[in-house]
Each structure stands twice: as C-alpha cells, then as structure tokens.
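Report on one structure; see the data block that follows.
Side chains are part of it too, since the values below use all heavy atoms of this structure and drop only hydrogens, waters and symmetry mates. Just so you know, residue 1 is the first one in the sequence shown, and it goes up from there. Ligands are counted one by one from 1 in listed order, and the atoms in each one are counted from 1 as well.
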Amino acid sequence: MPVKIAIASGKGGTGKTTVTVNLYHFMSKILNSKVQIADCDVEEPNASIFFEELESAKSKQVTQLIPFINTDTCTFCRKCVDYCEFNAIIVIPPAQFAEVSPSLCHSCGACLYACPEKAIIEQPNEIGQINTFNHGVDESFLIEGRLKIGSSMQTMVIKDLVKDDWINKEVILYDAPPGTSCSVVATITQANYIILVTEPTPFGLHDLKLMIDLVRKLNKPFGVIINKADEYSDTYTYLKEEGIEILAEIPFNIDYVKSYAQGSILKNIPSDIESVYTGITQKLKNKLIHHA
Ligand code: SF4
Ligand code: SF4
C-alpha cells in the first residue's frame, strides 16, 4: 500500500497545488520513490498545467445512477417522495406527474425500495471524468477528477478518484479541494497524513482553525506549512499554543511568483525554495516512509 498524503487548506489561493507539485518533484528525486499526484480539486483541477509534455494516458467517465419513474406503471402514491431524504422526487397525482431531479438525487436507492409498483429503474448519468497522464517514462504520474459542468456531485467524483488503482506507486499526494466541505472530507479521510497549507494572515488563520478542527475530528496526524511566510504573529502564537508542528515556512520570493504565473515552477527553482522542500521531504520521510 502506498503512503497517502493529503495537501489541504481551509481556503483557496494558499498555494496548495504549488506545494503538491513541488512535493511530487522533490519526493521523486530525493526519495527515488514512485510518486503520484491525485488532483481531487474536481471543480478546477489544475496540477496538470505545471507539467510540460504531458501525455494523456486514459480517460474514464464517472457516472451516477439516477432513478427514472415509469409513469405508465406509477400509481402516484407518493411513497417514494416520503422515503427520499433529499427532496429529489416530485409527484403530483392530479397531473399524473412523477419525476426525479438528478441534481438533488444522491443515488441512495431508497425510492426503489419504497416503490410497491416497481415503477422505478436506475439509469447512469455522467457527472464527471477521471483523467490519467504520463510524463515521459513516469506512467500514471498524475490522475485528476474533473466534474462535469452543471453537476454538483463533487464528492462522488472524488470517491471514484481516490479508490482508483495505484499501480506500482509508493506515495500518493492528494491535492484536496479548498475549504472544509464534504468533498474535502472525502479526500482527507483516505490519507495517512495531512499537510495544511496556510498564509500568515487573519483570514488564513481563521480558515486554518476550521481545518484543524476538522482533521482533529477525523483523528488524522497533520502538520502545517506556512506559505509566503512573514511576521504575522497570531498564526505562530496559535500554532505554538496548540502544540501544532510547523513543517516548513516558505518564503515569499518574487521570482518564484513570476514562475508560478508562467506555469513553470519546476524550472529554475530558487535555492531558498529548494532547501525548504528538501527539508519537508526529509521530515515526511522520517515520519511516514520509514514507518510504512
Ligand atoms: S435514489 Fe435516494 S436520493 Fe435519489 S431520488 Fe431515490 S430516494 Fe431520493
Ligand atoms: S412509490 Fe412508485 S408508484 Fe408510488 S409514486 Fe413513487 S414511483 Fe409512483
């Protein structure tokens, strides 16, 4: 089984994907491990833009089973409406109307069980895709979930993504969606260790506290990376008081920001950034790889 590390943050824009991509680079190089990125930010997967000469290896559809009501056999008794916890079914007996709303349905199957007339069948409905990429000889180095436009089933796409086959991989890096929603929970529950990326600002600290609350509830080991580190003392004071490990502080480096804007963060990595990621990689190796 590979070691699974989730990179998460309470809000978007903290540099979560940058950290994930760099960890892939440095862990592959320093540990000589077979590392895979799983981009779970399915509403906006963007890890792929940081790699040149990607080769698309395979793509598969993610589907959700949606009930379909056959109004020829339906008696409009509304039992299915009573069973549906998600208010996804509309039945109007006088109009002889019965329909399921795919955007509200969670595919729990309760309505099929409830229907005395067997008037409900399930049909597959596309909600997204899982795309796998090769990079030179590094096969399946990146796998991403991509939610279909208009679908709200992020969690289902992520669950399909994280259960995929990890052929010959030793480390999986989950790039989690931002925030603390169900889709984040679906991602980080799979991980052996969670890295929380934050910025030392009042907003960053607010969202970091929410994430820490979540990972503690899930009883997951975790550490914090402070990106664009500066002197904002409240973040440091809070982490110290709570006894939370700071894995690293990534300095603000204008050349690196320019590289990010050009999508080329893995080219000409500044020496201060390189030494930070080398340090994180060693810490993760001591924490996880040795004990795997
Ligand atoms: S499968 Fe579940 S959520 Fe979907 S319509 Fe039936 S009862 Fe509602
Ligand atoms: S439970 Fe079956 S028969 Fe009753 S309204 Fe629903 S689909 Fe129609």
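- Summary of contacts: the protein heavy atom closest to atom 2 (Fe) of ligand 1 is Cys108 SG, 2.3 Å.
- Aromatic rings from Phe51 and Phe141 are positioned such that their centres are separated by under 6.0 Å.
- The ligand atoms of ligand 1 that sit less than 4.0 angstrom from a heavy atom of Ile89 are 5 (S).
- Contact analysis puts Phe86 in contact with ligand 1, with a non-hydrogen atom separation below 4.0 angstrom.
- Smallest separation of non-hydrogen atoms from Cys80 and Ile89: O-CD1, 3.6 Å.
- Atom CG in Asp234 sits 9.5 Å away from atom CD in Glu241 (nearest 0.5 Å).
- The two residues Cys105 and Met153 make their nearest non-hydrogen contact at O-CE, 3.1 Å.
- Shortest contact from atom 6 (Fe) of ligand 1 to any protein heavy atom: Cys111 SG, 2.3 Å.
- Atoms of ligand 1 lying under 4.0 Å from at least one heavy atom of His106, given by number and element, are 3 (S), 4 (Fe).
- Here Phe50 and Tyr260 bring their ring centres to under 6.0 angstrom of each other.
- Under the 3.5 Å distance criterion, with hydrogens and angles disregarded, no donor-acceptor pair is assigned to the side chains of Asn125 and Gln64.
- Among Ser107, Cys84, Gly109, Cys105, the residue whose heavy atom sits closest to atom 4 (Fe) of ligand 1 is Cys105.
- Around atom 8 (Fe) of ligand 2, protein N, O or S atoms at less than 2.8 Å comprise Cys74 SG.
- Salt-bridge formation is detected for the pair Lys217/Asp213: a Lys NZ or Arg NE/NH1/NH2 atom is positioned less than 4.0 Å from an Asp or Glu carboxylate oxygen.
- Neither the backbone nor the side chain of Leu112 has any atom closer than 4.0 Å to an atom of ligand 1 (non-hydrogen atoms only).
- Hydrophobic clustering (ILVMFWY, side-chain heavy atoms < 4.5 Å, transitive): Ile30 and Leu173 are in one cluster.
- Tested against Ile250 for a side-chain contact (heavy atoms from CB on, under 4.5 Å), the candidates Val19, Asn22, Ile226 yield a single pass: Val19.
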